[in-house]
Trainee: 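One structure follows; several queries about it will come next.
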Amino acid sequence: METDDHDDGGVLVPPSNFSMVEDGIYRSGFPQPENFSYLTTLNLRSIIYLCPEPYPEENLRYLEANNIKLFQFGIEGKTDPMPKDTVLDALKVLVDVRNHPILIHCKRGKHRTGCLVGCLRKVQSWCLSSVLEEYQKNAGVKWRQRDLKFIETFDIVSLRQCLLSIMYRYHGYGFKRKRLVFEEENVQKPQAAKV
């Protein structure tokens, strides 16, 4: 008996190079129609698309039918250097938990996606060697030295300055338990008075 991949009882096929970055954040290559059933199981709220080409009509219809917001940041595939301001804008969308669950993708899910995830890891205070190792693991044999250099030299101070008054933090386990928390810089807690 043959199964139809688009039926509820069919085989769920993830996009190429799909993986979980962390709870509520996923990465992959460009989703094809045969991946739509799989993507539906993720309950995506948003997609970050890192290519300049227009999003295909069939994919746009899928997004609309599933109430998924598309954020497009048109970065050319062989751009050297990567546009820092564009990556910073994409990071602002990525760290906003109101956009989660979210999928990041480019064409293959390797270079542009890897650079954005690498910059996210720097924001999360990962050690640089782990950030670069994750990039290389996901890019495979086609990793690029210029991407490693971009991640290494990417300045996250501007993003941190943008988020000084409002920080998005994870509380508990699972995306349903995330909430917006206000955090003031340099606020000291009152000391208990001794009697």
Trainee: Identify, with sequence neighbours excluded, every residue that meets side chain to side chain contact (heavy atoms under 4.5 Å, CB included) alongside Pro56.
Mentor: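 With neighbours one apart ignored, the set is Phe30, Asn59.
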Trainee: A side-chain contact here means heavy atoms from C-beta on lying under 4.5 Å apart; do Leu103 and Ser28 qualify?
Mentor: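 Yes - at least one pair of side-chain heavy atoms lies under 4.5 Å apart.
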Trainee: Heavy atoms only: give me the nearest Asn35-Val13 pair and the separation to one decimal.
Mentor: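 So the two residues come closest at ND2-O, 2.9 Å.
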Trainee: Mind checking what makes side chain to side chain contact (heavy atoms under 4.5 Å, CB included) contact with Glu64, not counting sequence neighbours?
Mentor: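 Here no residue qualifies.
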Trainee: Do the side chains of Ile47 and Leu63 get nearer than 4.5 Å, heavy atoms only?
Mentor: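 Answer yes - side chains close enough.
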Trainee: For Pro52 and Arg112, work out which heavy atoms get closest and say how close.
Mentor: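 Looking at all heavy atoms of both residues, the closest pair is CD-NH1, 4.0 Å.
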Trainee: Excluding sequence neighbours, so at least two apart, what forms side chain to side chain donor-acceptor pair (under 3.5 Å) with Tyr62?
Mentor: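 Applying side chain to side chain donor-acceptor pair (under 3.5 Å) to Tyr62 gives Thr40.
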Trainee: Is it the case that the ring center of Tyr55 lies less than 6.0 angstrom away from the ring center of His105?
Mentor: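 Between Tyr55 and His105, which both carry aromatic rings, the centre distance is below 6.0 Å.
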Trainee: Heavy-atom distance under 4.5 Å between the side chains of Val11 and Ser37, does that happen here?
Mentor: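 No, too far: nothing below the 4.5 Å cut-off.
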Trainee: Output the distance between atom OG (Ser46) and atom NE2 (His100), rounded to the nearest 0.5 Å.
Mentor: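 So the OG of Ser46 and the NE2 of His100 are separated by 8.0 Å.
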Trainee: Given side chains that start at C-beta, do those of Met20 and Arg27 come closer than 4.5 Å, heavy atoms only?
Mentor: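 Answer no - side chains too far apart.
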Trainee: Distance check, rounded to the nearest 0.5 Å: Ile48 atom CD1 versus Leu50 atom CG?
Mentor: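 Rounded to the nearest 0.5 Å, the CD1-CG separation comes out at 7.0 Å.
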Trainee: Sub-3.5 Å donor-acceptor pair from the side chain of Asn99 to the main-chain atoms of Leu94, do we have one?
Mentor: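 No.
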Trainee: For Pro14, which residues count as a side chain to side chain contact (heavy atoms under 4.5 Å, CB included) partner, sequence neighbours excluded?
Mentor: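 With sequence neighbours excluded, Pro14 shows a side chain to side chain contact (heavy atoms under 4.5 Å, CB included) to Phe18, Tyr38, given in chain and number order.
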Trainee: Could you check if a side-chain atom of Tyr26 sits within less than 4.5 angstrom of a side-chain atom of Pro101, using non-hydrogen atoms only?
Mentor: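 Yes - at least one pair of side-chain heavy atoms lies under 4.5 Å apart.
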Trainee: Gln72: which residues meet the side chain to side chain contact (heavy atoms under 4.5 Å, CB included) condition with it, sequence neighbours left out?
Mentor: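 Testing Gln72 for side chain to side chain contact (heavy atoms under 4.5 Å, CB included), a comparison that skips the adjacent residues, returns Tyr49.
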Trainee: Just wondering, do Phe73 and Val87 contact through their side chains at under 4.5 Å, heavy atoms?
Mentor: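 Result no, sub-4.5 Å side-chain heavy-atom pair not found.
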Trainee: Sequence neighbours excluded, which residues qualify as side chain to side chain donor-acceptor pair (under 3.5 Å) partners of Gln32?
Mentor: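 Expected list: none.
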Trainee: Atom CG of Asn17 and atom SG of Cys106: how far apart are they, to the nearest 0.5 Å?
Mentor: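 Here the rounded value is 8.5 Å.
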Trainee: Step by step, would you call Leu116 with Leu91 a side-chain contact (heavy atoms from CB on, under 4.5 Å)?
Mentor: CA-CA 7 Å; Leu116 181 59; Leu91 265 176; 3.8 Å; yes
Trainee: At what distance, to the nearest 0.5 angstrom, does CG of Leu12 lie from CG of Leu39?
Mentor: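 Rounded to the nearest 0.5 Å, the CG-CG separation comes out at 10.0 Å.
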Trainee: What distance separates Glu22 CD from Leu120 CG, expressed to the nearest 0.5 Å?
Mentor: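 With rounding to 0.5 Å, CD (Glu22) is 6.0 Å from CG (Leu120).
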Trainee: Can you measure from CZ (Arg45) to CZ (Arg98) and round to the nearest 0.5 angstrom?
Mentor: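 Reported value, rounded in 0.5 Å steps: 10.0 Å.
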Trainee: For Arg108, check side chain to side chain donor-acceptor pair (under 3.5 Å) against everything at least two apart and list the hits.
Mentor: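 Once residues adjacent in sequence are excluded, Arg108 has no partner under the side chain to side chain donor-acceptor pair (under 3.5 Å) criterion.
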